[in-house]
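We count ligands from 1, going down the list as the structure has it; atoms in each ligand are counted the same way.
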Amino acid sequence: MNVVRVENVCKDYRLGEQTVRALDDVSVSIEEGVFLAIAGPSGSGKSTLLHVLAGLTTPTRGRVVVAGADLGTLAPGPRDRWRGRSVGIVPQRLHLVGALRVFDNLRRAQTLAGLPSDDARIRAMLEAVHVGDLAHRYPRELSQGQAQRVAIARAVINRPALVLADEPTANLDDAHAAAALELLRAQAQEAGATLVVASHDARVRPLVPHVYALPAREAATVPS
Ligand code: ADP
Ligand code: MG
C-alpha cells in the first residue's frame with residue numbers, strides 16, 4: 001500500500017514578473033512504513049515537496065494522494081482536520097507556540113485535529129522523547145535539542161500515517177544528527193507512521209534506507 005502518491009506535480013511560485021518553478025513534473029510513490037529521505041541541493045524543491053505532501057501548498061499541476069485523501073478535492077476546513085490527524089510535521093524552525101507550555105503545545109496538536117485531549121498520551125510522548133521533566137517549561141526555556149524533541153513528540157502524538165521532517169539535522173554535530181534521525185525513526189515506527197525527511201545534508205543519506213533525489217534547479221525561472 002502506498003501512503004503517498006504524487007503524480008506529475010509542478011509547483012510555480014510567482015515572484016513579481018517572474019515565475020519560479022520549484023517542482024517540475026515530480027512523480028513519486030511511498031510505501032507504508034518506509035523511512036525515506038528527499039535529497040537534493042538547496043533550492044531543489046525539498047521543502048516545497050514536503051509542504052505539498054502536507055497539503056500546505058497547492059500544486060500548480062498534478063495530483064497528490066496522501067493517507068487515502070486526494071488533496072485536490074479537500075476544501076480548506078476538511079483539509080486542516082485531515083492534516084491534524086494524518087500528518088505529523090517537524091518544521092525546520094520547529095514552530096512551537098511560544099505562549100504555551102510544552103505540555104499545552106502537545107495538547108493543542110490534539111485539539112486542532114478535532115481529537116479529545118489525552119493527558120496520559122501527552123505525558124507518555126514527552127517521556128518517550130526524554131523531556132518528561134520539561135512539560136511545564138515554555139519553548140524559550142528549552143535548548144535547541146530539547147525543542148526539537150518536543151516538536152517530534154508533537155508530530156507523532158496523533159499517530160499520523162505520515163511524519164514529515166524538514167532538515168532535522170541542520171546545525172547539529174554528527175552524534176546529535178544521528179541521534180535526531182534515530183529518534184524520528186523510532187517514534188514514527190512506534191506511531192505506525194511512514195517517515196519522510198527532507199535534507200541536503202550529505203550525512204543523512206547513509207543513515208536512511210530509501211532516498212528520493214530531486215535534481216538541482218539552477219534554471220528554476222521559467223517565462224510567465
Ligand atoms: P529546498 O528546500 O530544496 O532548498 P525550496 O522548496 O525551499 O527548496 O525552494 C525551491 C525553489 O522555490 C527555490 O528556488 C526557492 O527560492 C523557491 N521558493 C520557495 N518558496 C517560495 C515562495 N514562497 N515564493 C517564491 N519562491 C519560493
Ligand atoms: Mg528546504
Side-chain angles (χ1 to χ4, degrees), residues 4-30 34-66 71-72 76 79-80 83 87-96 144-145 147-149 151-152 154-155 160 162-174 176-178 180-181 183-185 188 193-224:
V4 167
R5 223 162 66 236
V6 172
E7 295 169 358
N8 306 108
V9 160
C10 295
K11 177 63 188 179
D12 293 339
Y13 291 111
R14 290 303 306 261
L15 268 181
E17 296 291 287
Q18 289 190 321
T19 301
V20 176
R21 176 149 296 175
L23 295 173
D24 188 14
D25 199 27
V26 170
S27 296
V28 58
S29 291
I30 305 173
V34 156
F35 178 9
L36 174 125
I38 298 171
S42 188
S44 58
K46 303 179 298 296
S47 295
T48 299
L49 183 52
L50 282 196
H51 285 120
V52 165
L53 295 181
L56 291 165
T57 291
T58 305
T60 308
R61 193 153 70 68
R63 183 159 177 258
V64 182
V65 181
V66 177
L71 302 193
R79 192 169 56 212
D80 287 345
R83 183 185 312 109
V87 184
I89 306 168
V90 184
Q92 188 164 1
R93 293 191 182 111
L94 305 181
H95 295 306
L96 298 176
Q144 182 65 19
Q148 187 183 45
R149 280 181 267 156
I152 292 170
R154 180 186 58 184
L162 180 65
V163 172
L164 306 171
D166 201 357
E167 303 287 354
T169 62
N171 309 315
L172 298 179
D173 63 33
D174 291 355
H176 285 94
L181 288 179
L183 186 64
L184 274 165
R185 190 202 61 75
T194 300
L195 175 60
V196 176
V197 168
S199 178
H200 73 280
D201 185 343
R203 299 173 302 175
V204 165
R205 268 184 183 240
L207 300 174
V208 176
H210 302 272
V211 176
Y212 175 77
L214 284 167
R217 300 211 44 74
E218 286 141 288
T221 307
V222 297
S224 302

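The heavy atom nearest to atom 5 (P) of ligand 1, considering only Leu50, Thr57, Leu49, Thr48, is found in Thr48.
Taking only nitrogen or oxygen atoms, main chain and side chain alike, Leu15 does not reach within less than 3.5 Å of ligand 1. Residue contacts with ligand 1: Ser44 is placed with a nitrogen or oxygen under 3.5 Å of a nitrogen or oxygen of the ligand (distance criterion only). For Val20, no nitrogen or oxygen atom sits less than 3.5 Å from a nitrogen or oxygen atom of ligand 1, counting backbone and side chain alike.
Residues Leu56 and Arg83 are in side-chain contact: their nearest non-hydrogen atoms beyond the backbone lie under 4.5 Å apart. Under the 4.5 Å side-chain criterion, counting only non-hydrogen atoms from C-beta, Pro168 is in contact with Leu181. Taking 4.5 Å as the limit, some side-chain heavy atom of Ser27 sits within range of a side-chain heavy atom of Asn8. The side-chain heavy atoms of Ile30 and Leu162, taken from C-beta on, include no pair separated by under 4.5 Å.
Taking every non-hydrogen atom of Ala22 and a distance limit under 4.0 Å, the qualifying atoms of ligand 1 come out as 10 (C), 11 (C), 12 (O). With ligand atoms numbered from 1 in the order given, ligand 1 contributes 4 (O) to contacts under 4.0 Å with heavy atoms of Ser42.
One finds the CZ atom of Arg205 at 12.5 Å from the CG atom of Leu207 (value rounded to the nearest 0.5 Å).
Judged by the shortest distance from any of its heavy atoms, Gly40 lies outside the 4.0 Å radius around the atoms of ligand 1. A heavy-atom separation below 4.0 Å is found between Pro41 and ligand 1.
Taking backbone and side-chain atoms together, Ser42 has no N/O/S atom less than 2.8 Å away from the Mg ion (ligand 2).
No side-chain donor-acceptor contact under 3.5 Å links Asp12 and Thr19.
When every heavy atom of Val64 is checked against every heavy atom of Pro59, the shortest pair comes out as CG2-CG, 3.9 Å.
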